Colleague: 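This is the structure, below, for whatever I ask next.
Note that the coordinates shown come from a computational prediction; the quantities given were computed from them, not determined experimentally. Along the sequence shown, residues are numbered consecutively beginning with 1.
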Amino acid sequence: MADRVAADAAADAAQKRMRRPRSLRARITLLATVAVAIVMIVGSLAFHLVLSASIHAATERAAETRAEELAARIATGGPGVVAAIEDDAAQLIDDAGRVIAASDDADDRALPRVESGRVVDVDGDALLLVREDVDGGNADGGRELILGVSVEDDRETLATVAMLLTVSTIAVVGVVAGVTWWVVGRSLRPVARIRAEVEAITADRLDRRVAEPPSGDEIAALAVTMNRMLDRLDSASAAQGRFVADASHELRSPLATIRQHAELARAHPEASSLDDLAGVVTDEGARMQHLVDALLLLARLDEQAPRRADAVDLDDIALAEVARLRSRGVAVDASGIGAARVTGDPRLLGQLVRNLADNAARHAVSRVAIAVGHGGDRVVLTVDDDGTGIPEDERSRVFERFVRLDEGRARDAGGSGLGLAIVHGVATSAGGSVAIGDGPLGGARFTVELPAASGS
């Protein structure tokens with residue numbers, strides 16, 4: 001039980017962290033500040049180390065030069081030269097380490113015999129010691145000069161530099177943080193405005209658009225992209241509204257017909273028989289079923305769900321439609337049908353060919369032609385009729401749903417306006433395309449291109 005409570009608490013904490021707003025402005029400012037701080041600190045430490053080494057080397061060279069000069073003077077002037085030294089600590093010692101002579105700053109303390117160039121602490125004073133042999137020794141044996149140069153001034157200089165570097169680092173980091181916070185906030189201000197404008201756009205106000213900044217930068221590109229998305233949403237919403245209205249109208253008509261005949265049969269039984277009413281109900285029910293089936297097929301095509309990808313003999317489907325049309329008394333030219341295989345759903349491809357065949361038969365005067373062939377790596381299906389054709393400026397509209405160019409035709413002749421929309425949806429879902437042109441028979445030519453099956 002305790003483990004479950006702990007797990008629930010951890011899950012709640014994780015959800016709170018996920019819901020916690022994260023400011024892009026704060027993150028960018030923090031990142032820039034940390035980066036500049038690291039660069040400044042590393043640069044300051046490197047500068048301080050280089051400066052310290054440079055000052056130490058300069059002091060050591062000066063001390064060695066001074067020791068060489070004193071050694072030369074001691075060789076000619078004797079140990080008394082050491083006693084006259086006033087600014088530095090110096091001692092002249094023999095081989096046994098006994099002090100022969102010392103300056104005023106070193107007469108009461110022994111300077112350690114360490115490696116030349118080392119800094120040591122002697123009675124609280126930091127001294128850089130250098131050693132120099134003195135020529136011209138006497139019977140006392142060899143002599144050596146130990147010279148100690150104070151480095152307190154060097155340390156004070158380095159401390160001042162360190163303080164200045166610290167202050168400058170803090171100042172630069174603070175300025176960078178402030179400037180970054182201001183610049184990012186100013187840059188993101190249009191984003192906040194765009195977000196507020198988009199949040200105010202509702203489903204019934206898709207005609208609104210966000211203001212596009214004139215800067216021409218990424219924020220302006222975001223606004224342009226947002227407006228294009230709103231254009232698509234507005235168009236889709238309008239199309240959906242028209243679709244629902246048209247579908248409602250199409251479904252209302254057969255229902256109204258059935259109701260009218262039913263009311264007539266009830267009010268005037270002598271004017272209508274049961275067979276007449278059954279015939280009307282059967283015909284209008286079939287029409288409604290065809291319409292509903294077409295709407296469901298279009299909905300499945302819109303979902304873009306995975307579909308079958310079988311190797312289908314498109315010529316067999318075309319020949320079956322030729323036989324069906326001929327059985328209805330339509331003259332069909334099938335001489336252009338050749339062997340061709342495509343990849344797709346057999347049922348959907350059959351619906352595509354049937355819709356094109358019915359559309360051609362509906363608009364033909366006396367003749368229809370169906371052809372299937374290869375065009376490179378594509379299979380080309382053409383359906384021609386000898387009707388009046390389709391005006392060029394209307395050829396893109398016929399693939400929209402519930403579009404019937406000839407509104408003067410009877411419903412049975414004109415169709416529901418969904419057949420060519422299904423053709424376009426099936427062709428697109430199969431990776432193909434459909435186009436309309438002028439046919440050799442004088443009417444319209446529908447050309448469908450589909451990917452050929454591998455090995456076809």
Colleague: Apply the test side chain to side chain contact (heavy atoms under 4.5 Å, CB included) to residues Asp313 and Ile317: give CA-CA distance (whole Å), side-chain angles for both, the deciding distance (0.1 Å), then the verdict.
Modeller: CA-CA 7 Å; Asp313 292 318; Ile317 297 177; over 6 Å; no

Colleague: Just do the salt bridge (Lys or Arg N to Asp or Glu O under 4.0 Å) check on Glu394 and Arg397 with the steps written out, would you?
Modeller: CA-CA 5 Å; Glu394 298 286 350; Arg397 288 188 61 242; 2.6 Å; yes

Colleague: Atom CD of Glu60 and atom CG of Leu129: how far apart are they, to the nearest 0.5 Å?
Modeller: 11.0 Å

Colleague: Would you find more than 12 non-hydrogen atoms of other residues, nucleotides or ligands less than 6.0 Å from Arg208 atom CZ?
Modeller: yes

Colleague: Are side-chain heavy atoms of Ile422 and Val426 found at a separation under 4.5 Å?
Modeller: yes

Colleague: With side chains defined as the heavy atoms from C-beta onward, is the minimum distance between Pro440 and Asp384 less than 4.5 Å?
Modeller: yes

Colleague: Do the ring planes of Phe399 and His424 sit parallel (below 30°), tilted (30 to 60°) or perpendicular (above 60°)?
Modeller: tilted

Colleague: Under 6.0 Å from the CD atom of Glu152, do we count more than 12 heavy atoms belonging to anything else shown?
Modeller: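 More than 12 heavy atoms, drawn from other residues, nucleotides or ligands, come within 6.0 Å of this atom.
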
Colleague: Roughly how far, to the nearest 0.5 Å, is CG of Leu352 from CG of Leu381?
Modeller: 7.0 Å

Colleague: Assess the residue pair Ser44 and Thr169 against the criterion (side-chain hydrogen bond (donor to acceptor under 3.5 Å, both in side chains)); give the C-alpha distance rounded to whole Å, side-chain angles, the decisive distance to 0.1 Å, and a yes or no.
Modeller: CA-CA 8 Å; Ser44 298; Thr169 298; 3.2 Å; yes

Colleague: In the structure I gave you, are the side-chain heavy atoms of Thr382 and Phe446 within less than 4.5 Å of one another anywhere?
Modeller: no

Colleague: Taking the side chain as everything from C-beta on, heavy atoms only, tell me whether Asp234 gets closer than 4.5 Å to Arg209.
Modeller: yes

Colleague: Any side-chain heavy atom of Val312 within less than 4.5 Å of one from Arg341?
Modeller: no

Colleague: Is the closest side-chain heavy-atom distance between Leu158 and Ser52 below 4.5 Å?
Modeller: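 A side-chain contact exists here, since the closest heavy-atom pair is under 4.5 Å.
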
